[in-house]
There are 2 protein chains.
Amino acid sequence: MERPQPVLSGELLTAVAETGPMSRASLLSASGLSRATVTQRLNAFIASGLLMEADEMRPSGGRPSRLVCLNAEAALVLAANIGESHIRLAATNLDLAVKAQVTIAFSIDEGPEGTLDRISAAFVDLLRSLSREAAEVAGIGLSLPTPVDFRRGRVVGPSVLHGWDEFDIAAYLGRSWSAPVWVENDVNLMALCEYRQSFRDTPDMFFIKAGTGIGSGIISGGQIFRGAQGAAGDIGHIQIAAKDEPPLCRCGKFGCIEARAAGWAIARDLAAFGRLASNARDIITLVEMGVPEAIMLLRNAGRTIGEVVADVVSILNPARIVVGGTLARGGEHLLSGVREMVYQRCLPLATRDLEIVQATTPSDSALLGAAMLVREQVFAPANIDAFIQRFAR
Amino acid sequence: MERPQPVLSGELLTAVAETGPMSRASLLSASGLSRATVTQRLNAFIASGLLMEADEMRPSGGRPSRLVCLNAEAALVLAANIGESHIRLAATNLDLAVKAQVTIAFSIDEGPEGTLDRISAAFVDLLRSLSREAAEVAGIGLSLPTPVDFRRGRVVGPSVLHGWDEFDIAAYLGRSWSAPVWVENDVNLMALCEYRQSFRDTPDMFFIKAGTGIGSGIISGGQIFRGAQGAAGDIGHIQIAAKDEPPLCRCGKFGCIEARAAGWAIARDLAAFGRLASNARDIITLVEMGVPEAIMLLRNAGRTIGEVVADVVSILNPARIVVGGTLARGGEHLLSGVREMVYQRCLPLATRDLEIVQATTPSDSALLGAAMLVREQVFAPANIDAFIQRFAR
DNA sequence: ATTCTTTTGTATAATATCATGCAAAAGAAT
DNA sequence: ATTCTTTTGCATGATATTATACAAAAGAAT
């Protein structure tokens with residue numbers, strides 16, 4: 001066995017991947033290595049095809065620096081987002097630009113083996129359409145609408161996905177793919193996507209998704225906060241007391257915030273007013289049409305969610321609350337309900353610098369988040385050597 | 001300027017400090033360095049007085065390994081815990097064994113300058129009593145009963161300590177001491193102490209302190225979780241709705257858990273029964289005497305706290321809840337109230353492997369926690385070089 | 001056009017680290 | 001007492017990295 005060339009030690013690659021295009025001078029000070037070493041290693045990486053010289057130059061008063069950046073086409077990232085009724089898949093380059101994508105049908109009742117086989121097949125099709133090979137895949141990311149134990153690569157606990165509990169997803173996909181596989185909860189990935197795309201300035205951020213269901217993702221120090229089993233942020237079934245009779249939740253308890261503020265709960269309450277809505281999007285349509293009952297219920301839902309967000313603010317002390325999901329698209333109604341309760345309930349210190357904003361909600365942020373997660377993991381110090389060994393030529 | 005000897009690169013020192021006594025063989029595999037390098041560096045550290053050979057040997061079937069450990073007497077740690085009426089101070093060695101301690105009086109109204117000057121003077125006295133010098137202090141840790149921005153070394157937000165808001169404690173003490181200074185909230189330090197002393201197996205842990213007030217500390221991945229401004233865990237003023245008229249809290253809001261379950265609130269409710277208690281300890285005394293009203297109120301307080309803990313479990317997904325503070329000493333009454341609400345309200349996944357236990361509450365755990373924090377920081381990779389430069393001889 | 005400033009590449013000798021191999025140490029197993 | 005196993009120390013030549021110095025590059029300022 002030949003030992004890997006030490007010149008391809010991964011620190012510089014990790015630095016460029018995390019920071020973006022960098023000048024040699026900034027790499028020099030960031031790495032703490034000597035100039036000779038940096039030059040030598042960069043040349044080796046450029047020769048190996050993993051890094052390349054960018055066109056950009058950064059004027060600095062003196063000689064402008066030539067930037068070094070990742071060769072985005074050196075490898076591919078595969079990502080899939082399993083939704084309630086369909087699966088969206090994408091292949092991206094290392095800059096996370098989507099090169100090809102496809103959507104396939106999905107049923108909740110499909111077991112893990114069948115689903116994963118179909119995902120694998122769809123990935124193969126994507127690769128074929130790009131004339132690329134499986135060996136060019138840097139990593140695979142899966143987004144699931146259920147709590148996931150990230151470390152073990154499995155679904156944990158009973159959920160909407162029947163038969164997935166404790167199924168070893170990473171190992172199963174590992175049989176067909178040599179690339180590493182990561183699995184994560186969809187709301188966590190939406191949170192990651194929002195953070196990376198729009199809110200880089202607040203590495204301590206709380207993302208709440210209000211749609212058909214209610215969930216949340218916690219970003220702490222720029223990383224997904226997962227808790228002991230990966231169930232952190234699972235706030236849909238926190239119970240809230242109010243003066244009314246607490247409504248029955250689909251989890252079997254009474255008064256959960258889902259049963260008060262989720263899309264299905266608002267639809268239920270709209271029905272009592274004789275208004276028909278079958279999902280969260282319908283509700284937003286009614287709100288946009290100016291139906292007063294819909295507006296009132298949406299704002300009330302914001303207050304309910306705000307009660308829990310107020311607790312979250314006291315517990316986590318985030319710098320920013322980002323409200324996303326379909327229900328957040330109805331203008332300011334949901335948001336102002338949230339704000340109302342948070343500013344009413346929290347101590348001044350926690351709200352002094354707190355921003356409560358709407359998500360930018362790019363379409364399919366969970367899918368993009370899955371690709372981001374893969375990229376982050378592939379270039380993490382713990383995994384960078386494996387990446388180099390596979391892709392340096 | 002002379003460059004530091006590269007042989008004294010700190011990785012091995014950090015490894016020994018974090019892991020405890022280690023054999024050369026385990027250091028070899030843990031560091032990834034070659035045997036020759038490990039030998040060379042260890043000899044340098046032993047010669048410099050920072051490491052030493054332990055007496056222990058670890059039988060392994062072959063030649064027993066001689067363990068290398070920190071020279072606990074190579075430096076001192078100074079710690080102070082500012083309480084509501086007095087300040088406790090201690091000097092420990094690097095194994096956190098207390099070498100000398102003292103308690104001085106303190107008043108809430110004393111400003112930061114006067115207080116810190118008196119703390120400095122007390123530290124000087126401690127050093128003199130040990131015949132040690134200020135140059136031998138590896139670091140100073142301060143515990144304060146108020147939210148602290150750890151990164152900036154200051155109190156943030158108005159609190160019981162008047163005039164301390166935004167006062168730069170680290171900088172002020174830095175004028176008299178060359179050792180680095182760290183400041184942290186007392187409940188966070190109690191949480192750290194509990195984790196390190198008794199619950200090493202659960203690096204995702206939630207500590208709740210129920211005494212005169214109510215606060216909490218979050219340990220995530222073995223580290224204190226601080227949030228954006230250091231106010232994470234400040235849960236005393238989370239509001240809870242119930243059927244009764246919500247009681248007025250000392251913060252000015254109604255229905256805070258402090259106003260329902262803290263020592264002062266229980267004392268207030270005991271007074272309504274004609275029972276006199278002026279602090280948390282009095283309440284525990286009444287409970288131990290078997291006074292039924294006191295037991296009932298304590299259990300009720302447990303339920304109130306349990307409602308918030310249930311939310312925390314849903315949000316953070318900890319592996320263990322540790323209940324501490326004076327009110328936790330009243331046997332199982334408080335604890336069972338907490339358990340009752342958590343198991344009633346949380347989803348099975350989050351409680352499946354959740355343990356809810358009593359704190360071991362060593363006396364003055366915040367003071368010990370402050371010393372632990374200093375030790376952790378001094379030997380952290382970011383600071384280890386500074387430590388070596390100061391103490392290697 | 002000249003000077004200034006910062007970036008970048010390269011050369012050199014000194015130093016640190018590495019893999020490898022060998023031998024000694026010391027308790028455990030026989 | 002002998003063998004086994006693991007730990008430890010050290011020597012060696014090869015390789016990598018460093019500090020230092022010098023020179024070239026290239027736009028900005030004058």
Side-chain angles (χ1 to χ4, degrees), chain A residues 1-16 19-48 51-69 384-385 388-389 392, chain B residues 1-16 19-48 51-69 384-385 388-389 392:
Chain A
M1 197 175 85
E2 207 175 337
R3 74 181 167 120
Q5 291 182 48
V7 184
L8 290 180
S9 162
E11 306 152 58
L12 296 179
L13 201 53
T14 297
V16 173
T19 317
M22 294 175 81
S23 71
R24 285 164 169 82
S26 55
L27 271 168
L28 208 152
S29 59
S31 68
L33 299 169
S34 73
R35 174 154 53 239
T37 310
V38 169
T39 301
Q40 186 193 15
R41 290 193 183 178
L42 281 184
N43 287 343
F45 276 123
I46 290 172
S48 77
L51 291 178
M52 52 189 270
E53 212 139 76
D55 294 334
E56 281 178 86
M57 297 211 167
R58 197 164 288 170
S60 60
R63 169 175 172 174
S65 53
R66 277 177 298 169
L67 300 189
V68 174
C69 67
I384 188 69
D385 289 338
I388 292 171
Q389 206 145 20
Chain B
M1 197 172 82
E2 205 176 337
R3 73 179 167 123
Q5 290 181 49
V7 183
L8 290 180
S9 161
E11 306 154 58
L12 296 178
L13 200 53
T14 297
V16 173
T19 317
M22 293 175 82
S23 70
R24 285 164 169 82
S26 55
L27 270 168
L28 209 152
S29 58
S31 67
L33 299 169
S34 75
R35 176 155 54 240
T37 310
V38 169
T39 301
Q40 186 193 14
R41 290 194 183 176
L42 283 184
N43 287 343
F45 277 122
I46 289 172
S48 77
L51 290 178
M52 52 187 273
E53 211 138 76
D55 294 335
E56 280 179 88
M57 298 212 166
R58 197 164 287 169
S60 60
R63 169 177 174 174
S65 54
R66 277 178 297 169
L67 300 190
V68 174
C69 66
I384 187 69
D385 289 339
I388 292 171
Q389 206 146 20

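Side-chain atoms are counted along with the backbone in the values below, which use heavy atoms only and exclude waters and symmetry mates. Order of the sequence lines fixes the chain letters, A, B, ..., with proteins taken first and strands second; residue numbering starts at 1 for each chain.
Atom CZ in B:Arg41 sits roughly 13 Å away from atom C1' in C:dT15 (whole-Å rounding). In this structure, B:Leu12 atom CG and C:dA16 atom C1' are separated by 14 Å, rounded to whole Å. Rounded to a whole Å, the CG atom of A:Leu28 is 10 Å from the P atom of C:dT7. For B:Glu53 and D:dG9, the CD to P distance is 7 Å, given to the nearest whole Å. Note: CZ (A:Arg66) to C1' (C:dT6) measures 14 Å, nearest angstrom. With rounding to whole Å, B:Asn43 atom CG is found 11 Å from D:dT8 atom C1'.
For B:Ile388, the side chain to side chain contact (heavy atoms under 4.5 Å, CB included) criterion is met by B:Leu8, B:Leu13, B:Phe45, B:Leu50, B:Ile384, B:Asp385, B:Ala392, not counting sequence neighbours. Applying the side chain to side chain donor-acceptor pair (under 3.5 Å) criterion to B:Ser26, with sequence neighbours excluded, gives B:Ser23. Considering only residues two or more places apart in sequence or on other chains, B:Arg35 meets the side chain to side chain contact (heavy atoms under 4.5 Å, CB included) condition with B:Leu28, B:Thr39. B:Arg24 is linked by a side chain to side chain donor-acceptor pair (under 3.5 Å) to B:Glu53, counting only residues two or more places apart in sequence or in another chain. Checked against side chain to side chain contact (heavy atoms under 4.5 Å, CB included), B:Ser34 has the following partners two or more places apart in sequence or in another chain: B:Ala36, B:Thr37. Partners of B:Pro64 according to the side chain to side chain contact (heavy atoms under 4.5 Å, CB included) rule, which considers only residues two or more places apart in sequence or in another chain, are B:Met57.
Interatomic distance, OG of B:Ser9 versus CG of B:Leu33, reported as 7.5 Å (0.5 Å rounding). In this structure, CE in A:Met22 is found 11.0 Å from CG in A:Leu51, a value given to the nearest 0.5 Å.
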Please encode protein proximity along nucleotides 21-30 of chain C as a string of B, S and -, counting only heavy-atom distances under 4.0 Å.
B--BBBBS--
Pairing annotation in dot-bracket form, given for DNA chain C with Watson-Crick or G-U pairs under 3.5 Å and | for cross-strand partners:
||||||||||||||||||||||||||||||
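Comparing A:Ala36 and B:Arg24 by the nucleotide of DNA chain D whose heavy atom lies nearest to each, the residue mapping closer to the 5' end is B:Arg24. Nearest-nucleotide mapping onto DNA chain D: of B:Thr39 and A:Gly32, the residue sitting toward the 5' end is B:Thr39.
Using a 4.0 Å heavy-atom cutoff across all strands shown, A:Ser65 reaches sugar-phosphate atoms only and no base atom.
Proximity of A:Gln40 to the phosphate of D:dA16: no side-chain N or O atom is located under 4.0 Å from OP1 or OP2. Under 4.0 angstrom from either OP1 or OP2 of C:dA19 there lies no side-chain N or O belonging to B:Ser34.
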